[in-house]
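Contents: one structure, followed by commentary.
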Amino acid sequence: MSAKIQAARLEMITDRNLALELVRVTEAAALAASHWMGLGKKNEADGAAVTAMRKAFDTVAISGTVVIGEGEMDEAPMLYIGERVGAGGPAMDIAVDPLEGTTLTAKGGPNAMAVVALAEHGNFLHAPDIYMDKIAVGGGLPDGVVDIDATVEANLRNLAKAKKCEISDLVACMLDRDRHKELIAKTREAGARIVLLSDGDVAGVMATSQPDSGIDIYMGSGGAPEGVLAAAALRCIGGQMQGRLMFEDDSQIARAREMGLIDPHQAFTCEEMAKGDVMFAASGVTTGAMLRGVRRFGHGAITHSVVMRSKSGTVRFIEAHHNFTTKTWVDR
(Lines give C-alpha, C1' and ligand atoms only; values in the text may rest on other atoms or scores of the structure.)
Protein backbone atom coordinates (compact mmCIF):
# COMPACT_ATOMS: atom_id res chain seq x y z
CA MET A 1 0.00 0.00 0.00
CA SER A 2 1.41 3.39 -1.01
CA ALA A 3 2.19 6.08 1.53
CA LYS A 4 -0.37 8.34 -0.15
CA ILE A 5 -3.18 5.79 0.31
CA GLN A 6 -2.14 5.13 3.91
CA ALA A 7 -2.18 8.86 4.65
CA ALA A 8 -5.63 9.21 3.07
CA ARG A 9 -6.98 6.32 5.15
CA LEU A 10 -5.46 7.75 8.33
CA GLU A 11 -7.05 11.12 7.59
CA MET A 12 -10.44 9.45 7.03
CA ILE A 13 -10.19 7.54 10.31
CA THR A 14 -9.12 10.69 12.16
CA ASP A 15 -12.02 12.68 10.71
CA ARG A 16 -14.51 9.98 11.66
CA ASN A 17 -13.14 9.80 15.19
CA LEU A 18 -13.28 13.59 15.46
CA ALA A 19 -16.92 13.63 14.35
CA LEU A 20 -17.79 11.16 17.11
CA GLU A 21 -15.82 13.21 19.65
CA LEU A 22 -17.84 16.28 18.71
CA VAL A 23 -21.05 14.38 19.46
CA ARG A 24 -19.67 13.45 22.87
CA VAL A 25 -19.11 17.16 23.54
CA THR A 26 -22.70 18.11 22.69
CA GLU A 27 -24.06 15.09 24.56
CA ALA A 28 -22.24 16.20 27.69
CA ALA A 29 -23.74 19.69 27.49
CA ALA A 30 -27.24 18.39 26.74
CA LEU A 31 -27.17 15.93 29.64
CA ALA A 32 -26.02 18.60 32.07
CA ALA A 33 -28.61 21.13 30.89
CA SER A 34 -31.42 18.57 30.99
CA HIS A 35 -31.20 18.46 34.79
CA TRP A 36 -32.58 22.02 34.79
CA MET A 37 -35.29 21.51 32.19
CA GLY A 38 -38.58 23.09 33.25
CA LEU A 39 -37.24 24.48 36.54
CA GLY A 40 -37.37 28.10 35.42
CA LYS A 41 -33.63 28.65 35.95
CA LYS A 42 -32.10 29.48 32.57
CA ASN A 43 -28.78 30.74 33.95
CA GLU A 44 -28.23 27.54 35.92
CA ALA A 45 -29.06 25.45 32.83
CA ASP A 46 -26.68 27.48 30.69
CA GLY A 47 -23.91 27.30 33.30
CA ALA A 48 -24.26 23.53 33.60
CA ALA A 49 -24.05 23.13 29.82
CA VAL A 50 -20.97 25.35 29.58
CA THR A 51 -19.12 23.52 32.36
CA ALA A 52 -19.86 20.09 30.90
CA MET A 53 -18.95 21.14 27.35
CA ARG A 54 -15.68 22.72 28.44
CA LYS A 55 -14.70 19.57 30.34
CA ALA A 56 -15.65 17.32 27.41
CA PHE A 57 -13.54 19.41 25.04
CA ASP A 58 -10.49 18.58 27.20
CA THR A 59 -10.56 15.06 25.73
CA VAL A 60 -10.78 16.06 22.04
CA ALA A 61 -7.53 15.78 20.07
CA ILE A 62 -7.47 19.30 18.62
CA SER A 63 -5.93 22.67 19.40
CA GLY A 64 -9.17 24.57 19.16
CA THR A 65 -9.93 28.26 19.43
CA VAL A 66 -13.46 29.54 20.03
CA VAL A 67 -14.08 32.14 17.31
CA ILE A 68 -17.85 32.21 17.61
CA GLY A 69 -19.11 32.17 21.17
CA GLU A 70 -20.41 34.44 23.90
CA GLY A 71 -18.11 37.44 23.53
CA GLU A 72 -14.58 38.18 24.70
CA MET A 73 -14.06 38.18 28.45
CA ASP A 74 -11.12 37.71 30.82
CA GLU A 75 -13.19 35.77 33.32
CA ALA A 76 -16.42 34.24 32.08
CA PRO A 77 -18.68 31.34 32.93
CA MET A 78 -19.25 30.78 29.21
CA LEU A 79 -17.12 29.52 26.34
CA TYR A 80 -15.95 32.89 25.11
CA ILE A 81 -14.36 34.16 21.91
CA GLY A 82 -10.62 33.52 22.05
CA GLU A 83 -10.82 30.66 24.56
CA ARG A 84 -8.55 27.69 23.81
CA VAL A 85 -10.03 24.20 24.05
CA GLY A 86 -8.93 20.68 23.26
CA ALA A 87 -6.24 18.23 24.29
CA GLY A 88 -3.79 19.21 21.55
CA GLY A 89 -3.65 18.42 17.85
CA PRO A 90 -4.48 20.19 14.60
CA ALA A 91 -5.41 23.87 14.84
CA MET A 92 -9.17 24.19 14.48
CA ASP A 93 -11.70 26.98 14.88
CA ILE A 94 -14.78 26.38 17.00
CA ALA A 95 -18.27 27.87 16.78
CA VAL A 96 -20.27 26.99 19.85
CA ASP A 97 -23.50 27.48 21.72
CA PRO A 98 -23.52 25.16 24.75
CA LEU A 99 -27.24 25.75 25.21
CA GLU A 100 -29.16 27.16 22.27
CA GLY A 101 -32.47 28.01 23.90
CA THR A 102 -31.80 28.78 27.55
CA THR A 103 -35.32 30.13 28.09
CA LEU A 104 -36.77 27.17 26.18
CA THR A 105 -34.97 24.84 28.58
CA ALA A 106 -36.11 26.77 31.64
CA LYS A 107 -39.73 26.64 30.45
CA GLY A 108 -39.63 23.13 28.96
CA GLY A 109 -40.22 24.48 25.45
CA PRO A 110 -39.23 22.72 22.20
CA ASN A 111 -36.00 22.85 20.15
CA ALA A 112 -33.43 23.55 22.88
CA MET A 113 -30.10 21.92 22.00
CA ALA A 114 -26.34 21.96 22.51
CA VAL A 115 -24.46 22.93 19.34
CA VAL A 116 -20.85 22.83 18.10
CA ALA A 117 -19.32 23.43 14.68
CA LEU A 118 -15.69 22.83 13.70
CA ALA A 119 -13.56 24.00 10.77
CA GLU A 120 -9.92 24.50 9.91
CA HIS A 121 -8.38 27.71 11.18
CA GLY A 122 -9.69 30.83 9.48
CA ASN A 123 -12.81 29.29 7.94
CA PHE A 124 -15.51 30.72 10.25
CA LEU A 125 -16.68 34.30 10.12
CA HIS A 126 -14.89 36.04 12.98
CA ALA A 127 -17.40 38.58 14.22
CA PRO A 128 -18.38 40.35 17.45
CA ASP A 129 -21.14 38.89 19.61
CA ILE A 130 -23.88 41.17 18.25
CA TYR A 131 -27.11 40.81 16.29
CA MET A 132 -27.27 39.58 12.73
CA ASP A 133 -30.06 39.97 10.18
CA LYS A 134 -30.71 36.61 8.51
CA ILE A 135 -32.63 34.98 5.70
CA ALA A 136 -32.49 31.27 4.90
CA VAL A 137 -34.20 28.64 2.77
CA GLY A 138 -33.67 24.92 2.27
CA GLY A 139 -31.81 23.03 -0.43
CA GLY A 140 -32.84 22.10 -3.96
CA LEU A 141 -33.74 25.67 -4.95
CA PRO A 142 -32.24 27.96 -7.63
CA ASP A 143 -29.25 29.98 -6.49
CA GLY A 144 -30.23 33.42 -5.28
CA VAL A 145 -33.91 32.58 -4.91
CA VAL A 146 -34.01 34.94 -1.91
CA ASP A 147 -31.98 38.06 -1.20
CA ILE A 148 -31.49 39.79 2.14
CA ASP A 149 -31.76 43.17 0.36
CA ALA A 150 -35.03 42.35 -1.43
CA THR A 151 -38.45 43.20 -0.04
CA VAL A 152 -40.38 40.64 1.97
CA GLU A 153 -42.98 40.39 -0.78
CA ALA A 154 -40.35 39.86 -3.49
CA ASN A 155 -38.61 37.10 -1.54
CA LEU A 156 -41.87 35.29 -0.84
CA ARG A 157 -43.01 35.67 -4.45
CA ASN A 158 -39.72 34.30 -5.81
CA LEU A 159 -39.70 31.43 -3.32
CA ALA A 160 -43.29 30.49 -4.16
CA LYS A 161 -42.42 30.52 -7.86
CA ALA A 162 -39.39 28.27 -7.26
CA LYS A 163 -41.48 25.86 -5.19
CA LYS A 164 -44.34 25.97 -7.73
CA CYS A 165 -46.89 27.03 -5.15
CA GLU A 166 -48.78 30.07 -3.96
CA ILE A 167 -47.42 32.50 -1.37
CA SER A 168 -50.31 31.43 0.84
CA ASP A 169 -48.82 27.92 0.86
CA LEU A 170 -45.55 29.18 2.36
CA VAL A 171 -44.72 29.21 6.06
CA ALA A 172 -42.17 31.72 7.32
CA CYS A 173 -40.35 31.33 10.62
CA MET A 174 -38.94 34.09 12.81
CA LEU A 175 -38.31 34.98 16.43
CA ASP A 176 -41.26 36.46 18.32
CA ARG A 177 -39.73 39.85 19.10
CA ASP A 178 -41.02 43.43 19.13
CA ARG A 179 -38.31 44.35 16.64
CA HIS A 180 -40.01 42.06 14.10
CA LYS A 181 -43.42 43.77 14.17
CA GLU A 182 -42.93 45.31 10.72
CA LEU A 183 -41.50 42.09 9.31
CA ILE A 184 -44.46 40.12 10.66
CA ALA A 185 -46.94 42.61 9.23
CA LYS A 186 -45.33 42.59 5.77
CA THR A 187 -45.16 38.79 5.72
CA ARG A 188 -48.84 38.48 6.53
CA GLU A 189 -49.72 41.25 4.08
CA ALA A 190 -47.94 39.28 1.34
CA GLY A 191 -50.11 36.28 2.21
CA ALA A 192 -47.66 33.87 3.89
CA ARG A 193 -48.30 32.15 7.19
CA ILE A 194 -45.94 32.50 10.14
CA VAL A 195 -44.43 30.36 12.89
CA LEU A 196 -43.15 32.55 15.73
CA LEU A 197 -40.36 31.14 17.91
CA SER A 198 -39.81 32.28 21.48
CA ASP A 199 -36.11 31.32 21.14
CA GLY A 200 -33.82 29.05 19.14
CA ASP A 201 -33.07 30.53 15.75
CA VAL A 202 -30.46 27.88 14.89
CA ALA A 203 -33.25 25.32 14.97
CA GLY A 204 -35.44 27.73 12.98
CA VAL A 205 -32.88 28.04 10.20
CA MET A 206 -32.20 24.29 10.17
CA ALA A 207 -35.95 23.64 9.90
CA THR A 208 -35.97 25.16 6.39
CA SER A 209 -33.91 22.19 5.19
CA GLN A 210 -36.19 19.57 6.76
CA PRO A 211 -39.11 18.60 4.48
CA ASP A 212 -41.24 17.47 7.42
CA SER A 213 -40.83 20.70 9.41
CA GLY A 214 -43.35 22.68 7.40
CA ILE A 215 -41.01 25.70 7.40
CA ASP A 216 -40.14 27.23 4.02
CA ILE A 217 -38.14 30.33 4.94
CA TYR A 218 -36.46 31.87 7.97
CA MET A 219 -36.29 35.67 8.29
CA GLY A 220 -35.33 38.22 10.90
CA SER A 221 -32.56 39.09 13.33
CA GLY A 222 -30.90 37.05 16.04
CA GLY A 223 -27.44 36.47 17.48
CA ALA A 224 -24.44 36.49 15.15
CA PRO A 225 -22.97 33.34 16.81
CA GLU A 226 -26.22 31.49 16.10
CA GLY A 227 -26.06 32.78 12.52
CA VAL A 228 -22.64 31.25 11.92
CA LEU A 229 -23.70 27.98 13.57
CA ALA A 230 -26.80 27.86 11.37
CA ALA A 231 -24.68 28.55 8.28
CA ALA A 232 -22.37 25.68 9.27
CA ALA A 233 -25.37 23.36 9.53
CA LEU A 234 -26.74 24.41 6.14
CA ARG A 235 -23.31 23.84 4.57
CA CYS A 236 -23.70 20.21 5.63
CA ILE A 237 -27.39 19.54 4.94
CA GLY A 238 -28.02 21.93 2.08
CA GLY A 239 -29.68 25.30 1.87
CA GLN A 240 -29.08 28.97 1.24
CA MET A 241 -28.51 31.67 3.81
CA GLN A 242 -27.43 35.29 3.97
CA GLY A 243 -26.53 37.30 7.04
CA ARG A 244 -25.56 40.90 7.79
CA LEU A 245 -24.20 42.15 11.10
CA MET A 246 -26.30 44.76 12.87
CA PHE A 247 -24.31 47.43 14.73
CA GLU A 248 -25.64 49.55 17.58
CA ASP A 249 -22.80 52.07 17.68
CA ASP A 250 -19.45 53.06 16.17
CA SER A 251 -17.51 51.09 18.77
CA GLN A 252 -19.03 47.84 17.49
CA ILE A 253 -18.09 48.78 13.92
CA ALA A 254 -14.53 49.55 15.05
CA ARG A 255 -14.35 46.19 16.81
CA ALA A 256 -15.54 44.40 13.67
CA ARG A 257 -12.83 46.09 11.62
CA GLU A 258 -10.24 45.05 14.21
CA MET A 259 -11.42 41.48 13.67
CA GLY A 260 -10.74 41.74 9.93
CA LEU A 261 -14.13 42.78 8.54
CA ILE A 262 -13.19 45.40 5.94
CA ASP A 263 -16.80 46.17 5.02
CA PRO A 264 -18.88 45.87 8.21
CA HIS A 265 -22.11 46.20 6.21
CA GLN A 266 -21.36 43.25 3.93
CA ALA A 267 -24.05 40.64 3.40
CA PHE A 268 -22.39 37.25 3.95
CA THR A 269 -23.44 34.08 2.18
CA CYS A 270 -23.62 30.71 3.87
CA GLU A 271 -20.27 29.76 2.29
CA GLU A 272 -18.65 32.98 3.49
CA MET A 273 -19.75 32.43 7.08
CA ALA A 274 -18.61 28.80 7.18
CA LYS A 275 -15.94 27.95 4.62
CA GLY A 276 -14.08 24.78 3.72
CA ASP A 277 -14.74 21.41 5.32
CA VAL A 278 -17.17 21.96 8.18
CA MET A 279 -18.30 19.52 10.87
CA PHE A 280 -21.47 20.20 12.83
CA ALA A 281 -22.92 18.39 15.84
CA ALA A 282 -25.99 19.00 17.98
CA SER A 283 -27.72 17.13 20.79
CA GLY A 284 -31.31 17.75 21.77
CA VAL A 285 -32.05 19.05 25.25
CA THR A 286 -35.78 19.31 24.66
CA THR A 287 -37.64 17.64 21.82
CA GLY A 288 -37.95 19.62 18.59
CA ALA A 289 -38.45 19.26 14.86
CA MET A 290 -35.09 17.58 14.27
CA LEU A 291 -33.94 16.08 17.58
CA ARG A 292 -35.55 14.39 20.55
CA GLY A 293 -34.78 15.78 23.97
CA VAL A 294 -32.87 14.05 26.76
CA ARG A 295 -34.90 11.29 28.41
CA ARG A 296 -33.73 10.72 31.96
CA PHE A 297 -34.48 7.62 34.03
CA GLY A 298 -33.05 6.32 37.29
CA HIS A 299 -29.28 6.26 36.92
CA GLY A 300 -29.16 6.96 33.20
CA ALA A 301 -30.47 8.87 30.21
CA ILE A 302 -30.93 8.64 26.45
CA THR A 303 -29.66 11.39 24.13
CA HIS A 304 -30.47 12.03 20.48
CA SER A 305 -27.85 13.81 18.36
CA VAL A 306 -26.96 14.66 14.80
CA VAL A 307 -23.48 14.95 13.32
CA MET A 308 -22.84 16.24 9.81
CA ARG A 309 -19.95 17.04 7.53
CA SER A 310 -19.97 19.36 4.52
CA LYS A 311 -17.21 17.48 2.64
CA SER A 312 -19.14 14.22 2.45
CA GLY A 313 -22.67 15.52 2.92
CA THR A 314 -23.26 12.70 5.37
CA VAL A 315 -25.84 13.22 8.10
CA ARG A 316 -25.84 10.76 11.00
CA PHE A 317 -28.35 10.57 13.81
CA ILE A 318 -27.07 8.97 16.99
CA GLU A 319 -29.10 7.66 19.91
CA ALA A 320 -26.89 7.06 22.92
CA HIS A 321 -27.73 5.36 26.23
CA HIS A 322 -25.76 6.80 29.15
CA ASN A 323 -25.03 5.27 32.53
CA PHE A 324 -24.63 8.03 35.13
CA THR A 325 -22.80 5.75 37.54
CA THR A 326 -19.79 5.75 35.18
CA LYS A 327 -20.02 9.34 33.84
CA THR A 328 -18.32 11.55 36.39
CA TRP A 329 -18.77 14.74 34.32
CA VAL A 330 -22.56 14.64 34.23
CA ASP A 331 -24.22 17.28 36.43
CA ARG A 332 -26.76 15.22 38.35
Side-chain angles (χ1 to χ4, degrees), residues 66-73 76 78-82 93 95-97 99-104 115 117 124-137 144 146-156 172-187 194-208 215 217-235 239-275:
V66 176
V67 297
I68 294 294
E70 297 296 330
E72 294 176 285
M73 297 182 66
M78 73 283 289
L79 283 154
Y80 57 89
I81 295 173
D93 282 354
V96 59
D97 194 341
L99 184 55
E100 158 73 350
T102 55
T103 301
L104 292 173
V115 186
F124 283 137
L125 175 66
H126 192 29
D129 183 14
I130 60 176
Y131 280 114
M132 174 186 282
D133 192 22
K134 310 165 191 176
I135 187 168
V137 294
V146 294
D147 188 328
I148 199 168
D149 290 319
T151 65
V152 172
E153 182 181 4
N155 279 323
L156 292 173
C173 179
M174 61 195 73
L175 290 174
D176 188 5
R177 299 290 188 270
D178 286 343
R179 64 180 181 268
H180 289 156
K181 284 183 178 179
E182 184 177 357
L183 175 61
I184 292 169
K186 289 184 176 180
T187 301
I194 298 176
V195 169
L196 293 173
L197 302 177
S198 61
D199 289 284
D201 56 344
V202 173
V205 171
M206 291 173 65
T208 64
I215 303 299
I217 183 171
Y218 182 91
M219 297 185 289
S221 60
E226 289 83 358
V228 176
L229 283 163
L234 289 189
R235 282 289 322 283
Q240 299 177 42
M241 180 178 176
Q242 294 176 356
R244 176 180 283 123
L245 296 171
M246 302 172 67
F247 300 96
E248 296 180 358
D249 52 45
D250 290 341
S251 65
Q252 290 185 348
I253 294 176
R255 181 65 189 119
R257 287 185 170 138
E258 288 175 5
M259 298 171 81
L261 300 178
I262 298 174
D263 179 5
H265 303 294
Q266 176 183 348
F268 297 96
T269 65
C270 187
E271 291 74 16
E272 289 171 329
M273 287 188 276
K275 304 174 186 176

Review point. For the side chain of Lys134 and the backbone of Ala224, is there at least one donor-acceptor N/O pair under 3.5 Å apart?
Key: no
Check your understanding: Distance-only, no hydrogens or angles: does the Arg255 side chain make a donor-acceptor pair with backbone N or O of Asp250 under 3.5 Å?
Key -> no
**Study point:** Gln252 vs Leu245 side-chain heavy atoms within contact, under 4.5 Å
**Key:** no
Point to revise | Glu271 side-chain N/O to Ala231 backbone N/O, donor-acceptor pair under 3.5 Å | key: no
Check your understanding: Taking Glu226 for the side chain and Gly200 for the main chain, is one N or O donor matched with an acceptor at less than 3.5 Å?
Key -> no
**Study point:** Closest contact, heavy atoms only, Ala172 versus Met219
**Key:** CB-CE, 3.8 Å
Point to revise | Exam field: side chain Asn155 to backbone Asp147, donor-acceptor pair closer than 3.5 Å | key: yes
Practice item. May I ask you to check whether over 12 heavy atoms, not counting those of Glu182, lie within 6.0 Å of atom CD? Key: no
Exercise for review: For Ile215 and Val195, run side-chain contact (heavy atoms from CB on, under 4.5 Å): C-alpha distance rounded to whole Å, both residues' side-chain angles, the deciding distance at 0.1 Å, then the answer.
Suggested key: CA-CA 8 Å; Ile215 303 299; Val195 169; 3.8 Å; yes
Review point. Can you tell if the side chain of Phe247 reaches within under 4.5 Å of the side chain of Ile130, non-hydrogen atoms only?
Key: yes
Review point. Does the side chain of Leu175 come within less than 4.5 Å of Tyr218's, by heavy atoms?
Key: yes
Practice item. Compare all side-chain heavy atoms of Leu197 with those of Cys173 and state whether any distance is below 4.5 angstrom. Key: yes
Check your understanding: Taking C-beta and beyond as the side chain, do Gln242 and Val146 meet within less than 4.5 Å on heavy atoms?
Key -> no
Review point. Leu183 pairs by side-chain contact (heavy atoms from CB on, under 4.5 Å) with which of Lys181, Lys186, His180?
Key: His180
Point to revise | Asp176 and Ser198, any side-chain heavy atoms less than 4.5 Å apart | key: no
**Study point:** Option among Leu79, Asp93, Val228 that satisfies the side-chain contact (heavy atoms from CB on, under 4.5 Å) test with Ile68
**Key:** Val228
Point to revise | Main-chain N/O of Val115 paired with Glu100 side-chain donor or acceptor, under 3.5 Å | key: no
Review point. Between Arg179 and Ser221, is there a donor-acceptor pair closer than 3.5 Å when you use the side chain of the first and the backbone of the second?
Key: yes
Practice item. With the side chain counted from C-beta on, respond yes when Ile184 and Met174 share a heavy-atom pair under 4.5 Å apart, and no when they do not. Key: yes
Review point. Gly223 and Tyr131: which non-hydrogen atoms are nearest, and at how many Å?
Key: N-CD2, 4.1 Å
**Study point:** Close side-chain approach of Asp199 and Thr102, heavy atoms under 4.5 Å
**Key:** no
